[in-house]
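This report concerns only the one structure given below.
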Amino acid sequence: MKIKAFLFDLDGVIVDTAIFHYQAWKKMANGLGFDIDEEFNETLKGISRMDSLNAILKHGNLEISEEQKLELAAQKNADYLELVNTMTPANILPGVSSFLAEARESGVKIALGSASKNSNLILEKIGVKPLFDAIIDGNQVSKSKPDPEVFVKGAQSLGFENESCIVFEDAFAGVEAAKAANMKAVGIGSSKVLFNADIVINSFEGHSVSEFLNL
Ligand code: B16
Ligand code: MG
């Protein structure tokens with residue numbers, strides 16, 4: 001089927017906010033008396049805020065009330081937003097801006113499919129929000145990737161069938177979500193991790209839209 005739309009994950013594909021999430025979660029964990037390292041942080045990529053919090057508390061062998069969890073998540077998000085507010089267009093990952101512009105020129109529709117509840121602010125800070133025809137994020141979905149909900153809603157809001165969409169993802173769970181939706185998946189990162197994608201690239205740099213239209 002002819003490709004009509006590109007659905008982009010945010011963190012790790014358009015911008016690297018994983019380092020900000022890491023700093024904010026680390027601060028929280030340290031305040032609770034334990035630490036998280038970069039290797040553990042890898043397991044949080046693409047995972048929703050509350051699922052991340054639960055994984056971190058389990059890592060630290062801590063059991064707390066739901067009320068305390070909400071307080072911790074709110075404080076972590078405040079710390080994270082302080083870092084997000086320092087972002088500028090210089091934070092866009094290499095090759096992304098020209099790839100988005102070329103997609104629009106080619107008539108391909110563009111949607112965001114992210115677990116983040118902060119995606120609108122991030123897209124505004126880096127100056128690419130007007131390039132998106134639809135934004136589906138953690139505010140619209142109830143099921144985290146690998147559930148396909150976020151991408152299915154993206155296709156629906158653009159008015160296209162799932163089979164005519166390509167998903168660009170950096171997380172294993174995100175590629176699984178794309179496949180569960182019968183979409184093509186382009187992995188951004190390592191083929192060792194993203195082996196279930198149709199194709200894996202290191203970054204958008206040096207790649208043109210036409211390479212993906214016949215996937
Ligand atoms: P927020 P993505 C994900 O973004 C991040 O990878 C993940 O680390 C984060 O916990 C999640 O968004 C929720 O973010 O706290 O801003 O709602 O890769 O799905 O774009
Ligand atoms: Mg991601």
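Both ligands and their constituent atoms are indexed starting at 1 by order of listing. The first residue of the sequence shown is numbered 1, and numbering continues consecutively from there.
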Inset, instruction - Classify the ring geometry between Phe8 and Phe132 as parallel (under 30°), tilted (30 to 60°) or perpendicular (over 60°). - result: perpendicular

Legend entry - Within-cut-off N or O pair, Lys45 and ligand 1, under 3.5 Å: no

Legend entry - Residues Glu66, Lys69: salt bridge by 4.0 Å N-O rule: yes

Inset, instruction - For atom 10 (O) of ligand 1, grab the closest protein heavy atom and report residue, atom and distance to one decimal in Å. - result: Ile47 O, 2.6 Å

Legend entry - Minimum-distance N/O/S atom that Asp170 presents toward the Mg ion (ligand 2): OD1

Legend entry - N or O contact, Gly113 vs ligand 1, cut-off under 3.5 Å: no

Legend entry - Nearest-option assignment for atom 6 (O) of ligand 1, heavy atoms, candidates Ala18, Gly46, Ala73, Ala24: Gly46

Inset, instruction - Heavy-atom distances under 4.0 Å are what count here, so tell me which part of Lys117 touches ligand 1: side chain, backbone, both or neither. - result: both

Inset, instruction - Determine whether the side chains of Asn120 and Glu124 contain a donor N or O and an acceptor N or O closer than 3.5 Å. - result: no

Inset, instruction - Within a distance under 4.0 Å of any heavy atom of Leu10, pick out the atoms of ligand 1 and give their elements. - result: 20 (O)

Inset, instruction - For atom 4 (O) of ligand 1, grab the closest protein heavy atom and report residue, atom and distance to one decimal in Å. - result: Asp11 CB, 3.5 Å

Legend entry - Residue, atom name and distance, where the atom is the protein heavy atom closest to atom 18 (O) of ligand 1: Asp9 OD1, 3.0 Å

Inset, instruction - Before signing off on this row, confirm whether Asp170 and ligand 1 have an N or O atom pair separated by under 3.5 Å. - result: no

Inset, instruction - Please examine the side chains of Trp25 and Leu53, heavy atoms only from C-beta on, and report whether any two atoms are closer than 4.5 Å. - result: yes

Inset, instruction - Please name the residue in the list Val15, Asp16, Leu100, Val128 that meets the side chain to side chain contact (heavy atoms under 4.5 Å, CB included) test with Ile92. - result: Val128

Inset, instruction - Scan Asn139, Thr17, Asp11, Asp137 and name whichever one has a side-chain hydrogen bond (donor to acceptor under 3.5 Å, both in side chains) with Ser119. - result: Asp137

Legend entry - Parallel, tilted or perpendicular: ring planes of Phe168 versus Phe204, cut at 30 and 60 degrees: tilted

Inset, instruction - Assess Gly12 for proximity to ligand 1: is some non-hydrogen atom of it under 4.0 Å away? - result: no

Inset, instruction - Quick one: report the N, O or S atom of Asp11 that is nearest to the Mg ion (ligand 2). - result: O

Legend entry - Residue part near ligand 1, for Leu44, under 4.0 Å between non-hydrogen atoms: backbone

Inset, instruction - With heavy atoms only and a cut-off of under 4.0 Å, state how Ala115 meets ligand 1: side chain, backbone, both or neither. - result: both

Legend entry - Name, closest N/O/S atom of Asp9 to the Mg ion (ligand 2): OD2

Legend entry - Backbone or side-chain N or O of Trp25 under 3.5 Å from ligand 1 N or O: no

Legend entry - Straight-line distance of Asn54 CG to Met50 CE, nearest 0.5 Å: 6.0 Å

Legend entry - Value rounded to 0.5 Å, distance of SG in Cys165 from CG in Asn182: 11.0 Å

Inset, instruction - May I ask you to check whether Arg49 has an N/O atom sitting below 3.5 Å from an N/O atom of ligand 1? - result: yes

Legend entry - Neighbour count above 12 (heavy atom, 6.0 Å) for Lys109 NZ: no

Inset, instruction - Would you please determine whether Gly138 falls within less than 4.0 Å of ligand 1 on a heavy-atom basis? - result: no

Inset, instruction - Give yes if a backbone or side-chain nitrogen or oxygen of Ser114 is under 3.5 Å from a nitrogen or oxygen of ligand 1, and no if not. - result: yes

Legend entry - Heavy-atom nearest neighbour in the protein, as seen from atom 12 (O) of ligand 1, with distance rounded to 0.1 Å: Ser116 N, 3.5 Å

Legend entry - Atom CD of Glu211 with >12 non-hydrogen neighbours under 6.0 angstrom: yes

Inset, instruction - Would you kindly specify which portion of Thr17 sits under 4.0 Å from ligand 1, judged on non-hydrogen atoms: side chain, backbone, both or neither? - result: neither

Inset, instruction - Heavy-atom contacts with Asn118 under 4.0 Å: which atoms of ligand 1 show up? List them by number with element. - result: 1 (P), 16 (O)

Inset, instruction - For the residue pair Val84 and Asn118, establish whether any side-chain heavy-atom pair is separated by less than 4.5 Å. - result: no

Legend entry - From Glu169 atom CD to Asp9 atom CG, the distance as rounded to the nearest 0.5 Å: 3.5 Å

Inset, instruction - Check whether the side chains of His21 and Lys45 place a donor and an acceptor atom closer than 3.5 Å, and report yes or no. - result: no

Legend entry - Ligand-side contact atoms (ligand 1) for residue partner Ser52, heavy atom cut-off under 4.0 Å: 10 (O)

Inset, instruction - Give the numbers and elements of all ligand 1 atoms closer than 4.0 Å to a heavy atom of Lys145. - result: 19 (O)

